Protein chains: 2
Amino acid sequence: MRVAALSDFLLQRIDRGSGMPMNRQLYQVVREAILERVMPVGLQLPSSRDLARELKISRNTVTHAYDQLMAEGYLETRKGAGTFIADTVPDQIPEADEASAQDARQASSAGLSERGAQLIRHAGAYKLQWGAFMPGVPDVSAFPNKVWSRLQNKHWRRSRPELLTYGHGGGYLPLREAIAEYLRVARSVNCTADQVIVTSGIHQSIDLASRLLADVGDRAWVEDPCYWGTRNVLTSLNLKPVPIAVDAEGICPGNADLRHPPRFIHVSPSHQYPLGQVMSLSRRRMLLEYAAKHNIWVMEDDYDSEFRYASRPLASLQGMDTHDRVIYFGSFSKTLFPGLRIGFIVVPQALADSFATGLSDLYRCGQSFTQAILAEFMTEGHFASHIRRMRVLYAERLNLLLEAIERNFGGELTISGDNAGLHLVLLLPDHCDDAALCRAAQEQGIIARPLSRYYMKPSRAKKGLLLGYACVPHAQVGPAFDRLSQLIRRHIA
Amino acid sequence: MRVAALSDFLLQRIDRGSGMPMNRQLYQVVREAILERVMPVGLQLPSSRDLARELKISRNTVTHAYDQLMAEGYLETRKGAGTFIADTVPDQIPEADEASAQDARQASSAGLSERGAQLIRHAGAYKLQWGAFMPGVPDVSAFPNKVWSRLQNKHWRRSRPELLTYGHGGGYLPLREAIAEYLRVARSVNCTADQVIVTSGIHQSIDLASRLLADVGDRAWVEDPCYWGTRNVLTSLNLKPVPIAVDAEGICPGNADLRHPPRFIHVSPSHQYPLGQVMSLSRRRMLLEYAAKHNIWVMEDDYDSEFRYASRPLASLQGMDTHDRVIYFGSFSKTLFPGLRIGFIVVPQALADSFATGLSDLYRCGQSFTQAILAEFMTEGHFASHIRRMRVLYAERLNLLLEAIERNFGGELTISGDNAGLHLVLLLPDHCDDAALCRAAQEQGIIARPLSRYYMKPSRAKKGLLLGYACVPHAQVGPAFDRLSQLIRRHIA
């Protein structure tokens, strides 16, 4: 290629005012020309000296661009002859078998996999995660920032490399010890530190336990209604969630259900999500006996039982289990703040090593630094005192919400789950479209989640609103509900 | 039950020196007695006043314990008659169908699922994650702690609740913008911020992409050898990794492979893991044309291409792709520190919304606070300068290691992948048992990973050692290798 022709071509495409270094621009323009086959294979390029003179730039700039193109294989030098466009024409591809090519095309015409498309169709996470009446979110603004910052700075000053590299096993040992101690005292969980596996939250806990304990196609009982996240994780692992009805005593499998033991059972016995009831003692014992008899795992999701306002929190199912069938899940998302992303699993001793190995191998974990801060936060007593403080705060907000409901509706509507947790459920008449009501509320800046969306079996779905009060400042609870109540009136009319 | 008999029974089981509050002990002892049926259903308990007198404790203590047992359903009061052990005998369980009961028993006799057992069998994560010669770990002790602490404290003082609650969508927007900007300049990736999905690292990136884009049983090409983590994630999602040979130009599918297009292809084109070669331009173009023709996704794992010592890092495969088939993965584990747990995916525009939704719904993410700090760390220029500093440091350590190898073995052994990344591969003769050599090294406190373990096809497996030099202080590189070389001598003799 004559140097004048090339430099004309380059000058048309180079933008001296773009701010991008000239050697980078030169590299990109030539590279594109090669990929678009504007500059054909075998074409000889002018020497860097000639091209630099023609473009009125330094020779170094051209050399840099040529070197990079050479390193990436776009150009090649032939000894004594100069610089040429290299032969990078793709290798010949043989034809695919028509059948498998067809399969591949069909599968990916939609772009997503079947399980991917299903996940997106049933997406449950909500765009807003803060404000009246977002359920499941604690008051993160009341978190003791200063204490946490102090501990964090202390650990940064010490700066131990083991805390910054990848983690291995079930998590940072002092944190596992602190969690075990807390669970023994507060939740009557029977465990030692090596049975505690530190995860990034309940989702990862369910994911790990499901992969390690269940195979594709296995059935898993879930409460109906239940948390959308549980369903998502299970179905995206190709397990089959079987929706089991709940009554006032918790999960309530019928005889037809009981005749077909599942691979595992997922329950929230301390505070059914989202309805809020506590699983009765006879139901608990039935579940444990059934699990022991058929070698079924019971996953106990204990996501927010720290906040029980009337009585002391109930003992865990795990603490009653004498056959090592219970896998216990907990989280710091509700007690501290969701963005911390730390949760935990307590597994029977026989599974402890497998879970620790599975955790490292599946997720390549390594939040050790944050885990170390949390361990100290717990052993210094800040965790327990924060929970106590929040329990008082949330109880006050709950009362304000109950007052507002009473003021607007008297005894007209039923309330469920108002003695524990971070939200309550306001039940609505069956003819009411709770999803439409929530959309209307959203337009007014009020968050409410429709109860009916938490059910898998449409015939079972009750109508209602999940109303979270924990993250709503005292002064806003009443006014926000008053505004919401006008919409409710309109929708139940 | 006569009060004296009960108090005798209780006194035997209560331990006044245990430090546990008396009301808690009382609660536990009675609860156990009920569960073990030592105290039968219907038994009347003495009044709290009588029992307190007999046990010589305050009446309040007894009342507390009774109340808790009542709340949990172990005791019940009958009007005017007193307190009784409640009927909590489990509901009758009907017999399970013999066939399904059998299935359940068999499946869980081993405890783990099939995929779980397979994962544990092939576990690849190593117990030690720091020291000579741990591959894949950067020098976290050189991380600019003070800068990071300053930014962290600033954010804690501001304390915006949105950063502490759950995240939603593809991550914290300013970080996605900073990553997009960085990738455009440094890696020639074509993208805008909304195509960037922030994850907790490469494992989560592969997991999300695999669930959204592939179904159970789908085949996925992986390089042979490849990173153990990729294989683990794919097989635990019940995909079928198909091991494809690599040559000096990168992944090298044969005609038989090409006739059966997979669902996706996972490659490490900038720096093949673990061998270290760069994928040639013609191979890149072949791969992209093949992918476009058959609607195959190409997952580009660009885990450590920032550290290239001889020339400028190579442009990404994503930047060459004109058919939107490439899903690009990157991570801050190698550039900053693994414990940060932040990585990212760049997806074609058409998939951006699905990936953002999938992320929230599958993992309930929310590292926004850390993401905000990282965004500022990048925009203030600390990220770029840290990489520059580390590139110099690692190049020096690489040279020290090459010198030590030269000193001990001259040209006797071949070295692979010594121009980029955080490790090199020292190839060994075929008869050498590299796994045994690594175990022997470990006994002397030296970490080396056996190359043969990274292959899926045993017939293909080369022998060698992965030696990471990035996290080894200059002064230790030579001495540690000298010790290792004695073991190598013994094993190749």
Side-chain angles (χ1 to χ4, degrees), chain A residues 68 71-73 88 90-91 93-94 96-97 100 104-105 108 113-114 116 120 123 125 127 129-130 137 140-141 145 149 156 161 164-166 203 211-216 232 236 238 255 258-261 281-282 285-286 289-290 294-295 311 314 337-339 354 357 360-361 363-364 366 369, chain B residues 71-73 88 90-91 93-94 96-97 100 104-105 108 113-114 116 120 123 125 129-130 137 140-141 145 149 156 161 164-166 168 203 211-216 232 236 238 255 258-261 281-282 285-286 289-290 294-295 311-312 314 337-339 354 357 360-361 363-364 366 369:
Chain A
Q68 182 68 22
E72 297 195 2
T88 62
D91 302 349
I93 306 169
D97 284 359
S100 30
R105 268 196 302 275
S108 60
S113 61
E114 274 176 45
I120 303 303
K127 230 178 73 185
Q129 295 288 335
W130 185 250
V137 171
V140 297
S141 71
N145 296 356
S149 284
W156 272 121
L164 297 180
T165 183
Y166 293 104
H203 276 239
R211 292 203 214 201
L212 289 183
L213 302 177
D215 283 303
V216 165
N232 285 345
S236 77
N238 298 86
N255 286 348
L258 290 163
R259 271 194 293 273
H260 300 281
L281 203 54
S282 37
R285 294 178 72 178
M286 183 275 272
E289 287 198 12
Y290 181 67
H294 297 293
N295 275 327
S311 55
L314 300 185
F337 61 97
S354 295
T357 303
S360 315
D361 264 72
Y363 313 109
R364 193 74 161 135
F369 190 82
Chain B
E72 297 194 4
T88 63
D91 301 350
I93 306 169
D97 283 359
S100 31
R105 269 197 301 274
S108 60
S113 61
E114 274 175 47
I120 302 303
Q129 295 287 335
W130 184 249
V137 171
V140 298
S141 70
N145 296 355
S149 284
W156 272 123
L164 297 181
T165 182
Y166 293 104
H168 188 268
H203 276 238
R211 293 202 213 200
L212 289 183
L213 302 176
D215 283 303
V216 166
N232 285 345
S236 76
N238 297 85
N255 287 347
L258 290 163
R259 271 193 292 272
H260 301 280
L281 204 52
S282 37
R285 294 178 71 179
M286 182 276 273
E289 289 198 10
Y290 181 69
H294 298 293
N295 276 327
S311 55
R312 198 189 153 80
L314 300 184
F337 61 98
S354 296
T357 304
S360 315
D361 264 71
Y363 313 110
R364 193 72 160 136
F369 190 82

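Computed from heavy atoms alone, side chains included, the values below leave out hydrogens, waters and symmetry copies. Order of the sequence lines sets the chain letters (A, B, ...), proteins ahead of strands, with each chain counted from 1. Predicted, not measured: the structure shown is a model, and the values here were computed from it.
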Compare every heavy atom of Arg211(B) with every heavy atom of Ser113(A), then report the nearest pair and how far apart it is. OG-O, 2.7 Å

Please list, chain by chain and in numerical order, all residues satisfying side-chain hydrogen bond (donor to acceptor under 3.5 Å, both in side chains) with Trp130(A), sequence neighbours excluded. none

With a 4.5 Å cut-off on heavy-atom pairs, point out which of [options] contacts chain B the most.
| options | answer |
| --- | --- |
| Ser141(A), Ala214(A), Ser360(A) | Ala214(A) |
| Asp215(A), Val216(A), Val137(A), Val140(A) | Asp215(A) |
| Asn238(A), Thr357(A), Asn145(A) | Asn145(A) |

Taking side chain as C-beta onward, heavy atoms only, is Leu212(B) less than 4.5 Å from Ile120(A)?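 In contact.
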
Chain A interface, residue from Gly366(B), Pro338(B), Ser354(B) that has the most non-hydrogen pairs under 4.5 Å: Pro338(B)

Non-hydrogen atoms of chain A under 4.5 Å away: do they reach the side chain of Tyr363(B), the backbone, both or neither?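 When you check distances to chain A, only backbone atoms of Tyr363(B) fall under 4.5 Å.
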
